[in-house]
Participant: 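I'd like to ask some things about the structure below.
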Protein chains: 2
Amino acid sequence: MLELAILGLLKEQDLHGYELKKRLTETTGVFASVSFGSLYPALARLQAAGAVKAVEANTSAAVLAAASVPVTGSLGAELAALRARRAIAKSMPSASTGRGRKVYGLTDIGEQLFTDLLAASESNGEDDRSFGLRLAFARYLPADLRLGLLERRRAQLVERLARTRTTMRAGRERIDAYTRSLMEHGTETTERDISWLDGLIAAERVHVTSQHNSPSHPPSSVQHH
Amino acid sequence: MLELAILGLLKEQDLHGYELKKRLTETTGVFASVSFGSLYPALARLQAAGAVKAVEANTSAAVLAAASVPVTGSLGAELAALRARRAIAKSMPSASTGRGRKVYGLTDIGEQLFTDLLAASESNGEDDRSFGLRLAFARYLPADLRLGLLERRRAQLVERLARTRTTMRAGRERIDAYTRSLMEHGTETTERDISWLDGLIAAERVHVTSQHNSPSHPPSSVQHH
DNA sequence: GATCCGTTATATCGAACCGATACGTCGAAC
DNA sequence: GTTCGACGTATCGGTTCGATATAACGGATC
């Protein structure tokens, strides 16, 4: 789960651990708290699996070297050098502060792993954060899988709603006022989530039926009935 | 965190593990999924700390036979006997590996531990589930601590709102449509959470200022909307 | 009446994850 | 001139999860 998030962020841009954590907590938002105690082991796992590699492993020395002599052929190193130059130009001190930072980048294996993890619908944990994370990377999914993700989530929320209502009817004398208020508020929140999903699904269907290009599949075949 | 939930449920009624899990997932609802892999170790910890004790062990005849002398020719009974001996060797009292249910109840230490955990405001994890769980047992809190719980939660949500808005303004070109929709929906949800909390806080204040409160008699009417 | 299957029930294992902490550099405030 | 906070990598102990094993029971199904 965390690995999917890391791969997704690295797909857009090479990043080091600290920045990765900031984006996971702040930008992606879905992770209320992802700690270094899980981030660094996850990075180590991904590196051991060959999904990511350390693209730039030092401070200004390596940056300057990459900037002056770009003979490595590494795309990530060139990008890092570009970013370092821009940072220096903006007199941003973060390029050379602190201890030696390790910038990670995706490999081909990592690209493939990202695609596999994102499209995995059967082996799903199916929790709330899983959906939020997948939606944040939904633009990398083909249109049909994207629609399936939204509809599966909708069905899941509808089922949760039904179970909650059953529980509230079943043990109504055991539930005190605070718990009941919590459950009712949760029910309303889930209902709003469902109608929000309905909006997304409707927009998705319009997009699917109006124009025929999905991101990775050419419109060679009509939809099957 | 899980220990607090267990203690709170056992405070109302003696329960065995399976029923405990059902109430944690269904009734309390806050825990989307609490697994046996965390429930049983938590129960063992609480038992080792003397906070709970096995009140009734409805052990079957096979378990008793395995614990004392394995007389049956059944393979399963012999395996059970092996495991029971190993458990006894680990000095675990009443380790019945049979299928008899073990009903747990609170001790005086457990009552005290529950009160301490519930009132702990400084060493808080402060995540979403923590608040929901505490609110579900808010009737056991004195009125001032209950109000503090609600106001701390409110302040937390307000801060989250501010941080999310800052993030959305800062990296607006980096955020794609799906992520933006997710963040906007999350913002609306948080705003509704805050106004829901305002209702609870108002009801709480009315109760505090209008009459003398006793911890064992929570307000009979909590506002829902 | 033997067999299959879902529910009730306890328990363990490996892997993942979290919070705290340590180690370390830098700029700014005081 | 030193404390303070930001950046930055890393590990440790303990908690939790998901999967799995074990086992007894009741009800279908053949």
Side-chain angles (χ1 to χ4, degrees), chain A residues 1-6 15-22 24-25 31-48 54 56-60 87 91-104 123-127 129-130, chain B residues 1-6 15-22 24-25 31-48 54 57-63 65-66 72 74-84 86-87 90 92 94-104 123-127 129-130:
Chain A
M1 205 73 280
L2 177 56
E3 306 188 354
L4 173 62
I6 292 173
L15 292 170
H16 55 95
Y18 197 84
E19 184 68 25
L20 216 37
K21 193 218 169 189
K22 280 208 304 188
L24 283 171
T25 58
F31 289 98
S33 73
V34 56
S35 61
F36 290 120
S38 48
L39 175 62
Y40 284 115
L43 272 174
R45 284 198 304 274
L46 288 172
Q47 195 173 13
E56 167 202 350
N58 207 350
T59 54
S60 52
S91 64
M92 221 174 113
S94 67
S96 62
T97 49
R99 225 160 65 177
R101 40 154 74 167
K102 283 202 271 189
V103 176
Y104 291 94
S123 69
N124 244 339
E126 297 292 358
D127 50 75
R129 296 174 319 189
S130 168
Chain B
M1 205 73 280
L2 177 56
E3 307 188 352
L4 173 63
I6 292 173
L15 293 170
H16 54 96
Y18 197 84
E19 184 68 25
L20 218 36
K21 193 217 170 189
K22 280 207 304 188
L24 283 171
T25 57
F31 289 98
S33 74
V34 57
S35 61
F36 290 120
S38 48
L39 176 61
Y40 283 116
L43 272 174
R45 284 197 305 273
L46 288 173
Q47 195 174 13
N58 191 9
T59 52
S60 64
V63 169
T72 72
S74 163
L75 190 72
E78 288 193 355
L79 283 176
L82 268 176
R83 248 176 285 110
R86 195 176 53 189
K90 283 184 178 177
M92 277 187 66
S94 77
S96 62
T97 47
R99 292 294 83 96
R101 43 155 68 168
K102 286 201 281 189
V103 177
Y104 291 95
S123 68
N124 246 339
E126 296 294 357
D127 50 73
R129 295 173 318 186
S130 169

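Order of the sequence lines fixes the chain letters, A, B, ..., with proteins taken first and strands second; residue numbering starts at 1 for each chain. Keep in mind that this is a model prediction, so the values were computed, not measured.
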Participant: Closest-nucleotide mapping onto DNA chain C: is B:H16 or B:P41 further toward the 5' terminus? I mean the 5' end.
Facilitator: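 First, find each residue's nearest nucleotide; the 5'-ward one identifies B:H16.
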Participant: Report yes if a side-chain nitrogen or oxygen of A:K21 is closer than 4.0 Å to either non-bridging phosphate oxygen (OP1 or OP2) of D:dC7; otherwise report no.
Facilitator: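 For D:dC7, neither OP1 nor OP2 has a side-chain N or O of A:K21 closer than 4.0 Å.
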Participant: If every non-hydrogen atom of A:I6 is compared with every non-hydrogen atom of A:A42, which pair is closest and at what distance?
Facilitator: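 Looking at all heavy atoms of both residues, the closest pair is CD1-CB, 3.8 Å.
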Participant: Identify which nucleotide among D:dA10, C:dC18, D:dG8 has an atom closest to any side-chain atom of A:Y104, counting heavy atoms from C-beta outward.
Facilitator: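 Closest nucleotide among those given: D:dA10.
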Participant: Please report the distance, rounded to the nearest Å, between CD in B:Q47 and P in C:dA11.
Facilitator: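 Nearest whole value for this atom pair: 9 Å.
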Participant: In whole angstrom, what separates A:R45's CZ from D:dA10's P?
Facilitator: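 Interatomic distance, CZ of A:R45 to P of D:dA10: 15 Å.
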Participant: So, is B:S38 near the phosphate of D:dC17, with a side-chain N or O under 4.0 Å from OP1 or OP2?
Facilitator: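 The answer is yes; a side-chain N or O of B:S38 sits under 4.0 Å from OP1 or OP2.
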Participant: Of the candidate nucleotides C:dC18, D:dC17, D:dT16, which contains the atom at the shortest distance from the side chain of B:S35?
Facilitator: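 The listed nucleotide nearest to B:S35's side chain is D:dC17.
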Participant: Could you tell me the separation between the CD atom of A:E3 and the CE atom of A:M1, rounded to the nearest 0.5 Å?
Facilitator: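 Separation between the atoms: 9.5 Å.
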Participant: Could you tell me how far apart A:L15 (CG) and D:dT9 (C1') are, to the nearest whole angstrom?
Facilitator: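 Atom-to-atom, A:L15 to D:dT9, this comes out as 16 Å.
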Participant: About how many Å separate CZ of B:R129 and CG of B:L2, when rounded to the nearest 0.5 Å?
Facilitator: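 Separation between the atoms: 9.5 Å.
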Participant: Report the nucleotide, chosen from C:dT10, D:dG8, C:dC17, that has the shortest atom-to-atom distance to any side-chain atom of A:Y40.
Facilitator: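 The answer is D:dG8, which lies nearest to the side chain.
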Participant: For B:Y40 and B:Y18, which heavy atoms make the closest approach, and how far apart are they?
Facilitator: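 Minimum heavy-atom contact is OH-N, 4.1 Å.
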Participant: In this structure, how many angstroms lie between the P atom of C:dT12 and the CG atom of B:L43, rounded?
Facilitator: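 Rounding to the nearest Å, CG of B:L43 and P of C:dT12 are 12 Å apart.
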Participant: Which heavy atom in B:V34 sits nearest to a heavy atom in B:K21, and how many Å separate them?
Facilitator: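 What the structure gives for the nearest pair is O-CE, 2.9 Å.
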Participant: Tell me which nucleotide among D:dC17, C:dC18, C:dT10 gets nearest to the side chain of B:F36.
Facilitator: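 It is C:dT10.
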Participant: Among the candidates C:dT8, D:dC17, D:dT16, find the nucleotide nearest to the side-chain atoms of B:K22.
Facilitator: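 The answer is C:dT8.
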Participant: Distance check needed: C:dC18 P versus A:M1 CE, whole Å only.
Facilitator: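 The answer, rounded to whole Å, is 12 Å.
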Participant: From CG of A:L24 over to C1' of C:dC18, roughly how many Å is that when rounded to an integer?
Facilitator: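 The distance from CG of A:L24 to C1' of C:dC18 comes to 14 Å, rounded to the nearest Å.
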Participant: Taking atom P of D:dT16 as reference, at what distance in whole Å does atom CG of A:L2 sit?
Facilitator: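 One finds 19 Å between P of D:dT16 and CG of A:L2, rounded.
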Participant: What does A:G37 touch in the nucleic acid at a heavy-atom separation under 4.0 angstrom: a base, only the sugar-phosphate, or nothing?
Facilitator: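 Base contact.
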Participant: Closer to the 5' end of DNA chain C via nearest nucleotide, is it B:Y18 or A:E3?
Facilitator: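 Result of the comparison: B:Y18.
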Participant: B:E19 CD to C:dT10 P: how many Å, rounded?
Facilitator: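 B:E19 atom CD is separated from C:dT10 atom P by 10 Å.
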Participant: Of all the choices, C:dT8, C:dC17, D:dT9, which nucleotide is nearest to the side chain of B:R101 once you look at every atom?
Facilitator: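 Comparing C:dT8, C:dC17, D:dT9 against the side chain of B:R101, the answer is C:dT8.
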